[in-house]
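Report on the structure given below.
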There are 2 protein chains.
Amino acid sequence: MSGRRVTMTDVARRAGVSRTTASFVLAGRRDMRISGEAEERVRRAARELGYRPNLTARGLRTSVTRTIALVSDIIATTQFAGEVIHGALDAAGARDHVLLIAETEGDPNVETRLVEGMLDRQVDGFVYATMYSREVRLPAALRDARVVLLNCYTEEARVPCVLPDEVNAGRDAAAVVLAAGHREGIHVIGGRHMTNGTPEGVWAGLERMRGIEEVMAEADVRLDGVVECDWQPEDGHREVRRLLAAKTVPRALICLNDRVSLGAYQALQEEGLRVPDDVCVVSFDDSDLATWLRPGLTSVALPHYRLGRTAVEVLLDGKPDPVVHRIPMPVMLRASHTAATAPPDPAVRPGT
Amino acid sequence: MSGRRVTMTDVARRAGVSRTTASFVLAGRRDMRISGEAEERVRRAARELGYRPNLTARGLRTSVTRTIALVSDIIATTQFAGEVIHGALDAAGARDHVLLIAETEGDPNVETRLVEGMLDRQVDGFVYATMYSREVRLPAALRDARVVLLNCYTEEARVPCVLPDEVNAGRDAAAVVLAAGHREGIHVIGGRHMTNGTPEGVWAGLERMRGIEEVMAEADVRLDGVVECDWQPEDGHREVRRLLAAKTVPRALICLNDRVSLGAYQALQEEGLRVPDDVCVVSFDDSDLATWLRPGLTSVALPHYRLGRTAVEVLLDGKPDPVVHRIPMPVMLRASHTAATAPPDPAVRPGT
DNA sequence: TTGAAAGCGCTAACAA
DNA sequence: TTGTTAGCGCTTTCAA
């Protein structure tokens with residue numbers, strides 16, 4: 001029906017000029033001087049014909065495809081994915097680029113296969129992302145490619161990376177608890193995630209805890225306990241129950257993510273304890289859960305959207321300036337930390 | 001460093017044959033008979049040089065790129081995205097294709113721009129997806145393209161679509177309630193989602209309710225009430241509170257999604273009612289929430305992964321047979337519906 | 001100011 | 001059985 005696409009040759013013919021001339025005006029190059037009249041004819045012809053350049057052909061010629069790849073280990077499960085992709089898409093779209101997605105499932109063979117597939121398609125660059133912040137080894141196939149690391153980092157090479165600012169997130173969470181007036185009975189649930197699977201802890205946990213402990217030390221406040229456990233609802237539930245069973249009634253709980261907080265809510269509720277009147281709860285991630293819980297959960301947000309967007313910006317705008325970009329994690333104040341109207345004491349965190 | 005990619009010319013030269021011969025053996029074409037010896041030389045050369053075909057060049061020549069596009073209205077927010085993309089990725093990868101993602105945000109202009117961008121890159125086909133099941137108008141730019149609809153449908157053209165089997169989901173949910181022994185005090189929360197924003201209801205609501213009502217009628221059981229409201233936690237909470245305030249203590253709640261169920265749990269808990277002992281709860285979607293709630297929530301799953309995978313399979317394998325593919329929604333039995341061990345009475349739904 | 005022509009890496013019709 | 005050749009649609013050098 002609509003038949004074959006109109007090519008530049010069609011446009012040139014209709015405008016009565018050579019393909020060269022058409023190419024120059026359509027590319028908007030002003031260096032080779034073309035008569036205003038010819039230019040106008042070409043533009044009109046292109047418009048009338050509905051001409052659109054074939055980017056495959058252009059890519060073959062120039063080896064730029066205006067296509068970038070987002071390869072990540074696991075994309076599914078968590079809501080991480082959605083907003084990261086959203087941010088990446090927005091940044092790519094704003095620069096007239098398009099985004100290829102791939103998921104390696106943590107398998108190096110799959111990874112190699114996928115990366116080579118993208119290379120075969122001449123992508124202009126890669127965002128290499130992980131679901132959970134951690135150190136990575138860059139796959140060999142990516143050695144000579146433009147790459148930005150998202151939510152991970154590497155020591156092997158000087159490749160730019162984009163990470164959430166977890167230390168300050170920890171500082172802010174602690175500051176919220178202090179600003180709510182607590183100086184004792186403060187417990188941390190989740191800790192560094194030092195469990196069987198991750199005996200050294202996970203990066204987010206280590207960083208958040210560092211921030212928390214810094215602020216506590218500065219305020220001369222002692223944590224009453226740090227429970228190391230997995231970060232699922234059942235873990236939060238179990239550990240808080242255990243706390244309560246030991247007659248240790250906490251005044252404030254810093255939970256290392258919203259799922260842990262959910263478990264904590266459940267355990268507190270079972271004992272007839274009320275948030276925030278009896279126990280103050282502060283959390284991390286600011287997932288949907290934080291708004292769904294009753295009362296609303298105060299949580300330091302993982303800035304998924306900005307992470308995705310920034311990674312693509314760094315990739316495409318290519319400012320090599322800072323090698324690691326730390327994206328601030330905004331604290332979302334809701335009702336679970338008591339002093340809902342009081343912002344965290346700015347004096348506690350002078351660094352911002 | 002590694003310099004330019006090795007091309008087929010390099011391979012041919014090293015194997016001492018023409019580019020044609022190299023092309024034929026590398027493409028695995030056996031119709032033009034090539035000596036086993038030449039073939040072997042070409043293969044060796046390709047292997048030794050680490051040859052990989054440039055898919056951009058091939059695409060220009062053959063106009064097949066082994067690249068498909070997933071364009072959807074909103075990708076972020078819900079966990080829908082993650083699993084759908086995951087399924088699509090798996091199916092595409094298994095067929096050695098790669099996936100381009102785009103998000104229109106419901107804006108037709110954005111949509112046109114994005115679709116044309118993909119067309120300019122010569123994608124082989126489109127999966128056109130929506131976050132919530134509904135009817136759509138296919139954008140004009142997609143008229144001449146290979147398209148599969150995902151989670152939506154259109155009356156205008158005979159384009160294949162992939163949809164969750166919501167009617168049977170409704171049937172199964174109702175069957176679970178009946179199998180748990182309830183014949184009265186059954187309330188539905190959420191209904192057809194007939195609210196200000198969507199006065200006619202939403203597709204999922206209409207279909208689920210049809211299934212529910214069919215089964216109830218067949219069993220000669222009367223629903224005690226259907227509450228029409230939005231499907232957020234606060235709505236479930238408010239409506240169940242209202243129910244309880246009216247001294248209508250329900251025996252069973254069918255909530256139209258897991259978020260509504262969360263709100264219901266909260267309201268029941270506030271009144272000291274226990275799930276499932278006092279009230280049986282059955283839900284839809286089977287999101288993470290369903291596993292996180294205590295007790296675990298019995299929920300009819302939206303088969304996100306299979307939806308995504310099937311859409312790509314239909315697109316790539318191109319069986320035109322059924323125009324609409326209904327993907328079954330498995331019921332995930334947990335603790336909230338009481339008779340945890342009893343599967344829904346198969347006699348109730350003979351159609352499977 | 002414009003056009004001819006080469007070539008990006010690949011496929012495929014045709015000739016040898 | 002293999003090689004020559006002509007493109008796919010575009011950019012860009014060079015000559016006119």
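Below, read A as the first sequence line, B as the second, and so on, with proteins coming before strands; counting in each chain starts at 1.
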Looking across every strand, which nucleic acid part, if any, lies under 4.0 Å from B/Leu60 by heavy atom: base, sugar-phosphate, or nothing?
base
Counting the atoms with a prime plus P, OP1 and OP2 as sugar-phosphate, which does A/Ala27 contact under 4.0 Å by heavy atoms, base, sugar-phosphate, or nothing?
nothing
Ignoring hydrogens and geometry beyond distance, is a side-chain donor-acceptor pair present between [X] and [Y] at under 3.5 Å?
X: A/Tyr132; Y: A/Asp73; result: no
X: B/Ser18; Y: B/Thr21; result: yes
X: A/Asp124; Y: A/Thr65; result: yes

Side-chain N or O of [X] closer than 4.0 Å to phosphate OP1/OP2 of [N]:
X: A/Arg58; N: D/dG9; answer: no
X: B/Ser23; N: C/dT11; answer: yes
X: B/Thr7; N: C/dG9; answer: no
X: B/Thr56; N: C/dC10; answer: no

From [options], pick the nucleotide closest to the side chain of [X]?
X: B/Ser18; options: D/dC10, D/dT4, C/dC10; answer: D/dT4
X: B/Ala38; options: C/dC10, C/dT2, D/dT2; answer: D/dT2
X: B/Arg19; options: C/dG9, C/dT2, D/dT5; answer: D/dT5

Does B/Thr20 contact D/dT4 through a side-chain donor or acceptor facing the base, at a distance under 3.5 Å?
yes
Find the distance between CZ (B/Phe126) and CG (B/Leu149) and round it off to the nearest 0.5 Å.
12.5 Å
Using whole Å, report how far [atom1] of [X] lies from [atom2] of [N].
X: A/Leu55; N: D/dG9; atom1: CG; atom2: C1'; result: 11 Å
X: A/Met8; N: C/dA4; atom1: CE; atom2: P; result: 13 Å
X: B/Gln122; N: C/dG9; atom1: CD; atom2: P; result: 17 Å
X: B/Arg121; N: D/dG9; atom1: CZ; atom2: C1'; result: 16 Å
X: A/Arg66; N: D/dC10; atom1: CZ; atom2: C1'; result: 15 Å
X: B/Asn54; N: C/dG7; atom1: CG; atom2: P; result: 18 Å
X: B/Glu39; N: D/dT1; atom1: CD; atom2: P; result: 12 Å
X: A/Arg13; N: D/dG9; atom1: CZ; atom2: P; result: 12 Å

Please figure out whether B/Thr21 or B/Arg61 has its closest DNA chain D nucleotide nearer the 5' end.
B/Thr21
Side-chain ion pair, B/Asp120 and A/Arg58, N-O less than 4.0 Å
no
